[in-house]
Each structure stands twice: as C-alpha cells, then as structure tokens.
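Numbering of ligands and ligand atoms starts at 1, following listing order. Just so it is clear, the structure is predicted and the values come from calculations on it, not from any experiment. Counting from 1, the numbers follow the sequence of the chain as shown.
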Amino acid sequence: MQVLVWEDRFSVGIRQFDQHHKILFEMINSLIFAQEDKSDPNVIKNTMEQLRSYTLFHFVAEEAMMKHFGFDGLDEHIEEHEALLAHVISYQERIANNDGVTLEEVLEFLASWLMDHTLGLDQLYGPFLSRYSD
Ligand SMILES: [Fe+2]
C-alpha cells in the first residue's frame, strides 16, 4: 500500500490544522509500515487506538473553531466527522471479533477518507477561518 505524502494542495491555510493533518498522515503511515513489517498485533492495536484518539482530538478542535467563528458549514462537517468515527468503531469491533476484515482494507479506507476529507470539506472552512487566524 502506498504511503501518504503531504503536498501543498492538502493545506487548509490554518497552521494548526495543517499540522494535525500531517500528524494523521504520519500515523496512518506508521500503521502501513507496521503492517508491512508484520509487527506484533498489540503494537498495531495500540497504534490504531492512538489514531482514533488523535482523530477525535482533531475533530473537536476543528468543530470548536468553526463554531466559535460561526462557520455555516458546521452541521454538514460534523456529520462527515461522525460518519467516519462510526466507521472506525465498527472496524475496531470487526478486528476484535476477527471477522476477516484485513488491516489493509481498514488502512485503505482511512487513507482515502482522510485525503478526500482534507481536499473536500476541510477546504471550505479554510478561506473562512483563515481571516481570523495568524
Ligand atoms: Fe474536518
């Protein structure tokens, strides 16, 4: 599986969120390496849990800033965040139940979701919020 490479087109124009997104890219890359290196399943499980918790922290930060400045795309954005979190929880359950889902499938989903979201909805708040930051 291809690792995620940060490019300028992913920038949302707000330094703290670009930094969060870069960290999320690297966390997914760590999982790709762990999978390829056939790391201990517990290492993979812990890294997945860190990714879930960092994602939650990042979503809360984005939503708080959009709310604070009255961005009118907030509800739609929250819906997309919640849909992702529901997917992550379901994947975690499926992995715990050994139902045949592969880490590769989970990582492909997470990587494409993160890129689509960063290039999609996240680009909408950028021009609005960057008027207030920096
Ligand atoms: Fe977002």
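The salt bridge (Lys or Arg N to Asp or Glu O under 4.0 Å) check on Asp99 picks up Arg94, with sequence neighbours excluded.
Checked against a 6.0 Å centroid threshold, the rings of Phe10 and His21 do not count as neighbours.
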**Item:** Audit row: His58, His81, side-chain hydrogen bond (donor to acceptor under 3.5 Å, both in side chains) steps and yes/no
**Value:** CA-CA 10 Å; His58 165 62; His81 284 172; 5.6 Å; no
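Distances from the Fe ion (ligand 1) to each N, O or S atom of Asp122 single out OD1 as the nearest.
When only modelled atom types and interatomic distance are considered, His20 and Glu62 share no side-chain donor-acceptor pair under 3.5 Å.
For the pair NE2 of His81 and NE2 of His117, the angle at the Fe ion (ligand 1) is about 90°; rounding is to 10 degrees. Here the angle centred on the Fe ion (ligand 1), running from NE2 of His77 over to OE1 of Glu62, is 100°, rounded to 10°.
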